[in-house]
Amino acid sequence: MVPELPPLPALTRAEGEFIDAYLEVVDLLGRINPSRGTHTYSALRAAQALVGRARALSEALTLMHIRGESEVHAGTLSEALRVLDGERRADRVTLPRRPVS
């Protein structure tokens, strides 16, 4: 049985697009990370896709700014990232931990 996830906090449409695009960029950076990857082709494909996802991230932030959403509500957005498994996904962007000797 799959555990029930906590609900996402209330987000504006632009905030939702911001979070989605941010996580897609994080996922791509994780695939590009030379300390975690195994094939150049998958890293190349991720790097090529990164351009489009970065554009989507920029567009989401631009929309927020145009709509007068001038502040990023870090607490709310952090909770949304946690619900969407952002911690595990962002961990792939970092260097793997060295084994403790």
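Just so you know, these numbers use all the heavy atoms, side chains as well, and skip hydrogens, waters and symmetry mates.
Side-chain contact between T12 and E69 is present, with at least one heavy-atom pair separated by less than 4.5 Å. The side-chain heavy atoms of L81 and Y22, taken from C-beta on, include a pair separated by under 4.5 Å.
Take V25 and apply the side chain to side chain contact (heavy atoms under 4.5 Å, CB included) test, not counting sequence neighbours, and it matches L29, L50, R53, L57.
When all heavy atoms of A43 and I32 are compared, the closest pair comes out as O-CG1, 3.7 Å. Here the closest non-hydrogen pair linking R36 and T94 is NE-O, 3.0 Å. What you find for M64 and A14 is that their closest heavy atoms are CG-CB, 3.3 Å. Residues S35 and P96 come closest through the heavy atom pair OG-CD, 3.3 Å.
For N33 (side chain) and L95 (main-chain N/O), no donor-acceptor pair under 3.5 Å exists by modelled atom type. Although no hydrogens or angles enter the test, the distance criterion places no donor-acceptor pair under 3.5 Å between the side chain of S58 and the main chain of A54.
Between the CG atom of L11 and the NE2 atom of H73 there is a distance of 10.5 Å, given to the nearest 0.5 Å. Remark: R82 CZ to L8 CG distance equals 13.0 Å, nearest 0.5 Å. The CG atom of L63 lies 11.5 Å from the NE2 atom of H65; values are rounded to the nearest 0.5 Å. To the nearest 0.5 Å, the span separating OG on S78 from CD1 on I19 amounts to 8.0 Å.
Hydrophobic cluster membership differs between L44 and V93, with clusters built from Ile, Leu, Val, Met, Phe, Trp and Tyr side chains linked at under 4.5 angstrom.
Surrounding CD of Q48 are more than 12 heavy atoms belonging to other residues, nucleotides or ligands, all under 6.0 Å away.
Checked for salt-bridge contact, D91 and R88 miss the test: no charged N lies under 4.0 Å from a carboxylate O.
Within the structure, the salt bridge (Lys or Arg N to Asp or Glu O under 4.0 Å) test picks out no pair touching residues 1-21 (sequence neighbours left out).
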